[in-house]
Amino acid sequence: MEVRLIIVSGRAGSGKTSTANEMSEQLKRFEIKHAHIDGDNLDAMFPEEAGADMLLANLASLWSNYYHLRGVDRLILSGTAAVLETDRIARTLRRVTASIPTLHFQAPPPPSPQPSPGRKDGGGPSPPTPPRLGGKDGRMMPPASVTTRAFILQVPDALVERRLKQREVGSELPQLLASSRRMAGVLESQVGGWARRVPTDQREVKEVALDILRTAGWI
């Protein structure tokens, strides 16, 4: 069994969310089962924490449900700095596939049988049935390896500033512009050539999305 993972990272304003959403839409058209998780929401809390521990913990919970309960074996994970945690993300997904899922719900019981004429017990509710899992014949999914492709979206400073000014109207804009410039430097200096750089300026979102999916061999 193999799980296939695409990580889409990039500075604020690079088009990560739009690109990942479009990738998901294209996969739907090809009827390819997948999940899309916005990694920036997995540790969105105050006070903020350094590191990726909260992101990985929440990712494990979500992926367990997608994989074990629905048999999803492809994941698009978008996030500003997710590519910096590529190895830990892949290990987390692999560990989840080999674990027993924690089930927080039960499948609804089948309808109670109607009492037969002259029957005194009235039928009564049936015992709850266990939820159907995502594996073959409703069984548990097997452990899986994880194949990862990572992409960094690149865009010039001037275009980032224009995009962020159109998107952000609150007091966060100056801080967001500064952090976007800083993150562009971090991604360039700390991530090697194993992550493919994808220019997004003067390109339609659909073009970028299809480029990534084809490069990763998903379509």
Side-chain angles (χ1 to χ4, degrees), residues 1-10 15-44 52-108 128-153 195-196 198 205-206 208-219:
M1 186 71 186
E2 178 190 38
V3 165
R4 304 180 71 178
L5 166 68
I6 291 178
I7 295 177
V8 180
S9 285
K16 297 179 301 298
T17 301
S18 297
T19 299
N21 286 340
E22 181 63 27
M23 290 166 62
S24 180
E25 287 302 314
Q26 292 300 321
L27 291 175
K28 291 175 187 176
R29 296 183 182 185
F30 284 95
E31 297 187 350
I32 295 174
K33 181 184 288 189
H34 70 284
H36 167 215
I37 297 175
D38 186 339
D40 288 338
N41 289 330
L42 294 180
D43 57 358
D53 290 349
M54 181 58 66
L55 180 149
L56 294 171
N58 287 330
L59 175 62
S61 296
L62 284 173
W63 183 243
S64 180
N65 292 334
Y66 285 133
Y67 182 74
H68 286 297
L69 299 185
R70 295 297 179 264
V72 176
D73 59 3
R74 300 189 191 214
L75 173 64
I76 301 167
L77 178 66
S78 58
T80 302
V83 68
L84 299 175
E85 301 292 342
T86 295
D87 289 342
R88 294 182 70 192
I89 289 169
R91 287 199 302 270
T92 296
L93 299 188
R94 188 165 53 247
R95 174 176 54 80
V96 167
T97 69
S99 64
I100 298 176
T102 300
L103 305 178
H104 298 287
F105 71 94
Q106 290 179 319
T129 56
R132 181 179 177 86
L133 299 180
K136 185 177 180 181
D137 299 324
R139 299 173 186 170
M140 187 169 159
M141 292 287 286
S145 61
V146 178
T147 300
T148 305
R149 293 298 305 268
F151 299 84
I152 298 176
L153 305 187
R196 183 170 181 262
V198 181
V205 173
K206 181 178 178 180
V208 175
L210 289 172
D211 181 14
I212 291 174
L213 291 172
R214 288 172 180 142
T215 300
W218 283 29
I219 58 173

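On a predicted model such as this, the values are computed, not experimentally measured, just so you know.
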Can you check whether [X] reaches [Y] side chain to side chain, under 4.5 Å on heavy atoms?
X: I37; Y: Y66; result: yes
X: D43; Y: N58; result: no
X: L27; Y: I219; result: yes

Worked check of side chain to side chain contact (heavy atoms under 4.5 Å, CB included) between I212 and I6: CA-CA 9 Å; I212 291 174; I6 291 178; 4.1 Å; yes
To the nearest 0.5 Å, what is the distance between [atom1] ([X]) and [atom2] ([Y])?
X: M140; Y: T97; atom1: CE; atom2: OG1; value: 9.0 Å
X: Y67; Y: S99; atom1: OH; atom2: OG; value: 10.0 Å
X: L56; Y: S61; atom1: CG; atom2: OG; value: 11.0 Å
X: N21; Y: Q26; atom1: CG; atom2: CD; value: 12.0 Å

Which atoms form the tightest heavy-atom contact between [X] and [Y], and what is the distance?
X: S9; Y: K16; result: C-CD, 3.6 Å
X: A52; Y: R88; result: CB-NH1, 4.1 Å
X: A90; Y: T148; result: CB-OG1, 3.9 Å
X: H34; Y: S24; result: NE2-OG, 2.8 Å

H68 side-chain N/O to W63 backbone N/O, donor-acceptor pair under 3.5 Å: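 No, H68 side chain to W63 backbone: no donor-acceptor pair under 3.5 Å.
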Donor-acceptor pair, side chain of K33 and main chain of R70, under 3.5 angstrom: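 Flag set: sc K33 to bb R70 pair under 3.5 Å.
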Among M23, E22, E25, the one residue meeting side-chain contact (heavy atoms from CB on, under 4.5 Å) with V205: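 Among M23, E22, E25, the one meeting side-chain contact (heavy atoms from CB on, under 4.5 Å) with V205 is E22.
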Polar contact flag, side-chain donor to acceptor under 3.5 angstrom, E2-T147: yes
Residue list, side chain to side chain contact (heavy atoms under 4.5 Å, CB included) with T215, at least two apart or on another chain: R149, F151, R196, D211
Worked verdict on L62 versus L42 for side chain to side chain contact (heavy atoms under 4.5 Å, CB included): CA-CA 10 Å; L62 284 173; L42 294 180; 3.6 Å; yes
Just distance, no hydrogens or angles: give the donor-acceptor pairs under 3.5 Å from side chains in residues 71-87, sequence neighbours left out.
from	atom 1	to	atom 2	distance (Å)
S78	OG	H36	NE2	3.4
T80	OG1	D40	OD2	3.0
T86	OG1	V83	O	2.7

